[in-house]
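Following: one structure in structure tokens, then a few remarks.
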Amino acid sequence: MSVIATTVLGLVISSMGITSVRGSTPLVRSYEGSSFFDRWTYYGTYDNTTNGDVIFANNSVASNDKLTYITDSNTAIIRTDNFTTVPYNEKRNSIKITSQDSYDVGSVWVLDAVHLPYGCSVWPAFWSVGKGATWPGEGEIDTFEGVNMGWSNQMALHTEDGCSITSTSSFSGTVNDTSCYAYDNDNSGCGVTDTNYKSYGAEFASAGGGVFVTQLAESGISIWFFSRADIPDDISSASDSIDTTNLGTPSAFYSNDGCDIDKFFGPQSLVFDITLCGDWAGQSSILSTTGCPALSGSDTCYTTYVLNATNYDTAYFEINSLKVYSNGSSSGNSSSSSTSSSLPTIARSNGSWSAGILGLMVGLVGVATII
Ligand SMILES: *[C@@H]1O[C@H](CO)[C@@H](O)[C@H](O)[C@H]1NC(C)=O
Ligand SMILES: *[C@@H]1O[C@H](CO)[C@@H](O)[C@H](O)[C@H]1NC(C)=O
Ligand SMILES: *[C@@H]1O[C@H](CO)[C@@H](O)[C@H](O)[C@H]1NC(C)=O
Ligand SMILES: *[C@@H]1O[C@H](CO)[C@@H](O)[C@H](O)[C@H]1NC(C)=O
Ligand SMILES: *[C@@H]1O[C@H](CO)[C@@H](O)[C@H](O)[C@H]1NC(C)=O
Ligand SMILES: *[C@@H]1O[C@H](CO)[C@@H](O)[C@H](O)[C@H]1NC(C)=O
Ligand SMILES: *[C@@H]1O[C@H](CO)[C@@H](O)[C@H](O)[C@H]1NC(C)=O
Ligand SMILES: *[C@@H]1O[C@H](CO)[C@@H](O)[C@H](O)[C@H]1NC(C)=O
């Protein structure tokens, strides 16, 4: 990086300092509309992580089969194939995509969706995972996860040993397990179940969807859910920055008191996936407690559901936007990110600057492109 570029960076950083509002975090990227799918990697192989009965399609299958696409109303669809009769012993196509950018401690991501995948055998999630280390070295945050027909969202962290929920007084959800260590509790992490049934399934959709806010801060990790009618102004008006101070009691809060956030979490890549059956959704006892019939006789989740396309009409995400706000660096998918200095580079990724601070860079754009 040249001296002149460093000077320009300095100016930008100091102007950020002057204009930034106490308590707020600047917008660094918005995934929405026609560019929603531009910066994601498609998994492109079978689900070897949760033993689900799917192949996570590659980019070309996903676009040819319209498993991921933008609607006429500018929403993004991520779906399981609901038009193929799958031959016995083969798997159904579905989607897992991972963001090419990752976001460090000091970030907030806001998912605004009108529909989440559900249905018997369906197991969707919107989550994040540390990019740079062997799992669970840099932590995993499950913002949204549901199975089958209900009943509400289940959040969780998965970490190395030493991170746990120590106090339950500051959030509204119901704790399933306090230890976040990835290999405790049958690998289920420190789960917290939302008490609001509108956070998943048919109730989420009939309420017009809603917003999930995930805050990865040094003081702790917070997850809020707001049904469409309850979305506060601090979220709907958060166009350049977000202030989470007055969002109220979160559904889940993992305090730094029980979990050293800087130690257990690194820059997070964001992930959407929909699997079918597998280790959680596919168990007979789970099916029968989440709104679906228990499996009968020698039937499996696979033979009961996966072969028949008509089971998957509701197995899709429909997303208005995914916005990321960040104080810190975000590591991008290009060699240029390795040139990041100790400057607090804000959302520099893939060698380009985020839309969030472009406004501040009017007049500097020509120089910035040289950086
Ligand atoms: C970003 O920095 C501001 C100002 O220091 C702070 O109030 C805010 O909580 C930070 N955001 C996050 C997500 O840590
Ligand atoms: C799953 O398959 C991918 C692609 O072949 C591979 O990179 C990854 O390590 C596998 N993961 C597991 C948990 O086996
Ligand atoms: C995508 O997946 C399909 C189905 O497995 C395969 O035929 C095709 O070669 C893959 N395309 C690329 C570009 O990998
Ligand atoms: C990085 O970006 C390139 C081009 O967009 C893409 O082909 C590649 O899969 C990405 N790599 C990762 C690890 O996301
Ligand atoms: C978590 O707790 C909720 C509420 O008590 C319960 O309905 C749900 O089945 C539990 N989830 C798991 C995975 O045990
Ligand atoms: C798929 O399920 C529907 C609804 O239960 C049923 O009407 C249809 O016959 C099934 N199709 C196959 C190929 O089994
Ligand atoms: C798949 O589901 C969508 C709704 O999610 C529906 O509009 C479409 O008709 C279904 N496709 C088939 C082939 O039934
Ligand atoms: C950088 O991002 C642009 C726009 O998303 C993309 O076209 C390009 O392939 C990316 N370059 C690399 C090296 O990832």
Side-chain angles (χ1 to χ4, degrees), residues 13 16-28 41-46 54-65 67 81 84 90-95 103-110 123 141-142 145-156 165 168 172-178 185-197 199-200 213-224 234 238 241-247 250-252 256 261-262 265 268 279-281 283 285-291 323-330 344 346-347 356:
I13 301 299
M16 288 296 295
I18 292 159
T19 55
S20 80
V21 181
R22 188 179 146 75
S24 78
T25 308
L27 181 74
V28 296
T41 300
Y42 286 71
Y43 200 67
T45 187
Y46 70 95
V54 299
I55 291 172
F56 291 127
N58 60 27
N59 195 339
S60 51
V61 170
S63 33
N64 288 342
D65 288 0
L67 301 180
D81 173 328
T84 300
E90 293 183 17
K91 295 181 187 297
R92 180 168 294 283
N93 281 341
S94 191
I95 295 293
Y103 305 97
D104 210 346
V105 176
S107 303
V108 179
W109 43 94
V110 179
W123 175 5
I141 305 170
D142 301 336
E145 195 162 6
V147 282
N148 303 320
M149 299 300 281
W151 305 104
S152 63
N153 179 33
Q154 185 164 318
M155 301 148 280
I165 298 173
T168 58
S172 60
T174 308
V175 176
N176 288 89
D177 289 293
T178 55
N185 324 315
D186 294 328
N187 304 342
S188 61
C190 42
V192 175
T193 302
D194 204 307
T195 54
N196 186 345
Y197 286 169
S199 60
Y200 182 56
V213 181
T214 310
Q215 176 166 277
L216 171 57
E218 277 189 343
S219 56
I221 293 171
S222 313
I223 300 171
W224 289 268
D234 283 353
S241 65
I242 192 165
D243 183 348
T244 58
T245 317
N246 298 313
L247 293 185
S251 298
N256 195 54
I261 302 298
D262 280 330
F265 289 85
Q268 300 282 299
D279 296 335
W280 187 15
Q283 294 177 41
S285 61
I286 300 293
L287 282 159
S288 65
T289 53
T290 49
K323 294 185 177 174
V324 184
Y325 306 81
S326 185
N327 288 328
S329 61
S330 86
I346 297 160

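Whatever order the structure lists them in is the order used to number ligands and atoms, beginning at 1. Counting from 1, the numbers follow the sequence of the chain as shown.
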Donor-acceptor side-chain pairing of E145 and W123 below 3.5 angstrom | yes
For S60, atoms of ligand 3 separated by under 4.0 Å from a heavy atom | 1 (C), 11 (N)
D194 side chain to S251 side chain, donor-acceptor N/O pair below 3.5 angstrom = yes
Atom 2 (O) of ligand 3 touched by protein heavy atom at under 4.0 Å = yes
Rounded to the nearest 0.5 Å, how far apart are OG1 of T290 and CE of M149?
-> 9.5 Å
Can you confirm whether something in the protein, heavy atoms only, sits under 4.0 Å from atom 11 (N) of ligand 3?
-> yes
Name the closest protein heavy atom to atom 14 (O) of ligand 5, giving the residue it belongs to and the distance to 0.1 Å.
-> N176 ND2, 3.4 Å
min-distance protein heavy atom vs atom 4 (C) of ligand 5 -> T174 CG2, 4.2 Å
So, N148 side chain and A281 main chain: donor-acceptor pair closer than 3.5 Å or not?
-> yes
N58 neighbourhood, listing ligand 3 atoms whose heavy-atom distance to it stays under 4.0 Å = 1 (C), 2 (O), 3 (C), 8 (C), 10 (C), 11 (N), 12 (C), 14 (O)
Check: N327 N/O within less than 3.5 Å of ligand 1 N/O = yes
Could you tell me whether N64 atom CG has more than 12 heavy atoms of other residues or ligands within 6.0 Å of it?
-> yes
Look up atom OG in S94 and atom CG in L67, then write down how far apart they are to the nearest 0.5 Å.
-> 7.5 Å
Say you draw a straight line from SG of C190 to CD1 of I165; how long is it, rounded to the nearest 0.5 Å?
-> 5.0 Å
Subset of ligand 1 atoms that lie under 4.0 Å from at least one heavy atom of V108 | 13 (C)
A student comparing G23, S24, G106 should find that the heavy atom closest to atom 13 (C) of ligand 1 comes from G106
Residue A217 vicinity, atoms of ligand 1 by number, heavy atom under 4.0 Å | 14 (O)
Does an N or O anywhere in S107 fall below 3.5 Å from an N or O of ligand 1?
-> no
Is ligand 1 under 4.0 Å from a heavy atom in the side chain of S326, in the backbone, in both, or in neither?
-> neither
Kindly compute the distance separating CG (N58) from OG1 (T41), expressed to the nearest 0.5 Å.
-> 12.0 Å
